[in-house]
Protein chains: 4
Amino acid sequence: MPRPKPTQPAASQSKAQTPRARRTAERRDVILAAALDEFSAQGFAATRMDDVAKRAGIAKGTIYLYFRDKESLFQELIRTMLTPVVGSIEALRDADVPMAVLSERMVDLFVDEIFSTRRRDVIRLMLLEGRRFPKLAEFYYREVLSRIFAAMRALLTRAADRGEAPAALAKFPQLLAAPGLVAVVWSGLFDRFEPLDVRALMKAHLEVLFARRSA
Amino acid sequence: MPRPKPTQPAASQSKAQTPRARRTAERRDVILAAALDEFSAQGFAATRMDDVAKRAGIAKGTIYLYFRDKESLFQELIRTMLTPVVGSIEALRDADVPMAVLSERMVDLFVDEIFSTRRRDVIRLMLLEGRRFPKLAEFYYREVLSRIFAAMRALLTRAADRGEAPAALAKFPQLLAAPGLVAVVWSGLFDRFEPLDVRALMKAHLEVLFARRSA
Amino acid sequence: MPRPKPTQPAASQSKAQTPRARRTAERRDVILAAALDEFSAQGFAATRMDDVAKRAGIAKGTIYLYFRDKESLFQELIRTMLTPVVGSIEALRDADVPMAVLSERMVDLFVDEIFSTRRRDVIRLMLLEGRRFPKLAEFYYREVLSRIFAAMRALLTRAADRGEAPAALAKFPQLLAAPGLVAVVWSGLFDRFEPLDVRALMKAHLEVLFARRSA
Amino acid sequence: MPRPKPTQPAASQSKAQTPRARRTAERRDVILAAALDEFSAQGFAATRMDDVAKRAGIAKGTIYLYFRDKESLFQELIRTMLTPVVGSIEALRDADVPMAVLSERMVDLFVDEIFSTRRRDVIRLMLLEGRRFPKLAEFYYREVLSRIFAAMRALLTRAADRGEAPAALAKFPQLLAAPGLVAVVWSGLFDRFEPLDVRALMKAHLEVLFARRSA
DNA sequence: GATGAATGAGGGTTCATTCAT
DNA sequence: TATGAATGAACCCTCATTCAT
């Protein structure tokens, strides 16, 4: 499956590839990984294609065989890495367990599948650079956020009905996600001044949210 | 009273100035305002000094009479606009009122003095560019965040002692501030897809946090 | 005697001035002195009018009341300082003394009236920057060099006739002046590596030139 | 054999190069030649990289593939062109011939290998800009001048011992070189007013210096 | 006259992108 | 495909000169 024009995302995990296709997909991934490193460290504007190439161990021109331009590289990076998370969260919604258990799973999901992976950096990039990439913001909203929030709403509504969660949460699922955002941002900027125990933060948050209330 | 070296912030609100000094301070403010507009819209790297000048209605070279370089302009912009907030929050801490009242004041403070002002944009800028301006991040942490969090901790500890707040909050004041961060980020990226009623969000958050708990 | 247009050289030593005129002439001299310092240290292109002003202790704009522009300042500086030397050399020519005595006077003239004065710097400037100021080079050739060389030729012809000097010197008075040029250039560039005893150099030179020859 | 960092001089005359390397070396030389033209005509500060590029027939950015910056280009130009001369002069010293012959060779060496080549311009540049490039002046003194003077001293001491030269010359080799300096400076400034027969000048100079003396 | 804030053309340098090999 | 030399538009900053005070 040759890539005639280097534009749309390429699933690097497609099965049954020719050796050629596998090599191509691998290269692509190497470039994306290098791009993530550089974009994360420098931001979009300050990242030089030269540096991405160097980090990927290839020539500068080669990047342009895989991605149309710098912007395209950036956008595909975000797309490629963010889509998969949604499934896990929707799975959470479908599990029928008490809030106490769910809550724990949420923490694990966030910490293990996002915060301690490169996804954390991708999310930070998205949040911070998104403004200048409206298409990207839209994609992110449509394909990621709105689906995550829909799942959360379903889950929280059910919990509220059972008296396991305050009703306000179903209206503002952002409140559930807020500390995750804090963690992501904090880790980029302030960790060196004051490290943040993210798992404890998340736990504390969920405990407060889902504590049993009087009346 | 000439400004010998265009480096340190100039109090633009000093009283009893000579006409010359007033004009100078005004110019400075005009430039800062223009810079905020441009930096907010384009980010640091993508902003052109030319555009800042044009927006300020002055010649490009003039900026350099007031700020050493682009970076300096950027950093002073952040400093100038963020420092004043701290006082308001510390004032909150010193007011001895029940949590219900305090909670309302917090919402008002955030919405009226931050979210609906240019400060919202400055905070977003800070988050966006902080990584590449470690000095700035440090300044922000030291002069703003840590002081705000200290005030919050004091306030929340007192409240916890009175049973008006969960103890976890005093440990993680970030949890109190988290929806503010959400609001700032959301307003830049997703408002056009799904507007967010920030005041309602904040209120809901504080209600959940400070709801009376059973045992 | 007000200076209506700041163009032509102003004799700062004119007599019987009004106080106003004196002040004007003084200012002019201060500027010229400052200009000499800066041009000598940085060269024409790298010297900033700002620095000249600062060194002169006046405002930048003031320079333009006395000199049309930077180039004009430079050229008048050279003109003002070089013209006076010619007279001394022509006086040498008219003195009827044996070569041994003349030779000593030449050394003194060069060392005392040129090399150890600011004129050394002016000459260096002239030689080095002259290429880009053809008018100036012409002036210097016409008003200074050609007259000095004419005087030297006369003097050397007479000496040759008396057998006190080699005939070649009258043809190439440059040979007589050459070590002066060396001294001027050396003092700007290499003195810190290897100081040059200029008086000894000049003496040695003249001794070699005017040594008694065998047949 | 890629040029990893465009900093140190590249021997453009190395043999047995790959075609790529040859092309690279050629380009480098083309740029240096263009730079020499421009720097000679305008001086360092007034020369625009644009013009160097245009004269070299390449794009402006290309220069920066071969030289770190304008200053580096300038300095390497000087270094590249002046270093080779030293050898020739040291060779003179080692030739054991009578002063009359040596004297003629000196004239030829200066006229043919310096004065009528681009080196004349490089020396003029060195003199002109040396003050603002102390490193360059030091290099020139250490690598060129001091070695030339050492060779001259050896040669002149030997000649003096044989009675073929005045002893003063060994002490001040500058006296031997002085007319060379005159020629270089004169050719830039005054040739159009009064052409100078440089070969004749040099010959006359050496004749005077090495004439047989009485006593 | 004197000031120095303001101007804006000019130039060094960077870097995304292209293209000959 | 892969390379990396080459391109040239873009942008920050400087500084000679002007002009309102």
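Naming convention: chains lettered A, B, ... in sequence-line order (proteins, then strands); numbering from 1 in each chain.
- Within the 4.0 Å cut-off from OP1 or OP2 of F:dA2, at least one side-chain nitrogen or oxygen of A:Arg27 is found.
- With B:Val52 as reference, B:Ile63 is the one residue of B:Ile58, B:Asp37, B:Leu36, B:Ile63 to meet the side chain to side chain contact (heavy atoms under 4.5 Å, CB included) rule.
- We find that CZ of C:Arg28 is positioned 17 Å from C1' of E:dA2, with the value rounded to whole Å.
- Base pairing annotation: E:dA20 forms a Watson-Crick or G-U wobble pair with F:dT3, both donor-acceptor distances under 3.5 Å.
- Closest to the side chain of D:Arg48, from the set E:dT3, E:dA6, E:dG11, is E:dG11.
- A parallel orientation is assigned to the rings of D:Phe44 and D:Phe39, their planes being inclined by less than 30° (bins at 30° and 60°).
- Atom CD1 in C:Ile31 sits roughly 10 Å away from atom P in E:dG1 (whole-Å rounding).
- In the set F:dG4, E:dA6, F:dA16, E:dA6 carries the atom at the smallest distance from any side-chain atom of B:Thr62.
- Across the protein-nucleic acid pair, C:Asp69 atom CG and F:dC15 atom P stand 17 Å apart, rounded to whole Å.
- We find that CZ of C:Arg68 is positioned 16 Å from C1' of F:dT18, with the value rounded to whole Å.
- For the residue pair B:Leu127 and A:Leu128, the shortest heavy atom distance occurs at O-CD1, 3.5 Å.
- Nearest nucleotide to the D:Tyr66 side chain, out of F:dA6, E:dG8, F:dA2: F:dA6.
- Base-pair partner of F:dT14: E:dA9 (Watson-Crick or G-U wobble, both distances under 3.5 Å).
- The side chain of A:Lys70 lies closest to E:dT17, out of F:dT17, E:dT17, E:dA6.
- Taking for each of D:Thr47 and C:Arg20 the nucleotide of DNA chain E with the nearest heavy atom, the 5'-most of the two is the partner of C:Arg20.
- Using a 4.0 Å heavy-atom cutoff across all strands shown, B:Lys60 reaches at least one base atom of the nucleic acid.
- Nucleotide E:dG4 holds its C1' atom 13 Å from the OH atom of C:Tyr64, rounded to whole Å.
- With A:Phe133 as the fixed residue, the side chain to side chain contact (heavy atoms under 4.5 Å, CB included) test singles out one of A:Arg131, A:Glu129, A:Lys135: A:Glu129.
- Atom CZ of C:Phe67 and atom P of E:dA2 are 13 Å apart (whole Å).
- Annotation: cation-pi geometry not satisfied between D:Arg27 and D:Tyr66 (NZ/CZ under 6.0 angstrom from ring centroid, within 45° of ring axis).
- Nearest-nucleotide positions on DNA chain F place D:Gly61 closer to the 5' end than the other of C:Met49 and D:Gly61.
- Atom P of nucleotide E:dT18 and atom CD1 of A:Ile63 are separated by 13 Å, given to the nearest angstrom.
- Remark: P of E:dT3 and CG of B:Leu65 are 18 Å apart, rounded to the nearest angstrom.
- Comparing D:Ala59 and C:Asp50 by the nucleotide of DNA chain F whose heavy atom lies nearest to each, the residue mapping closer to the 5' end is D:Ala59.
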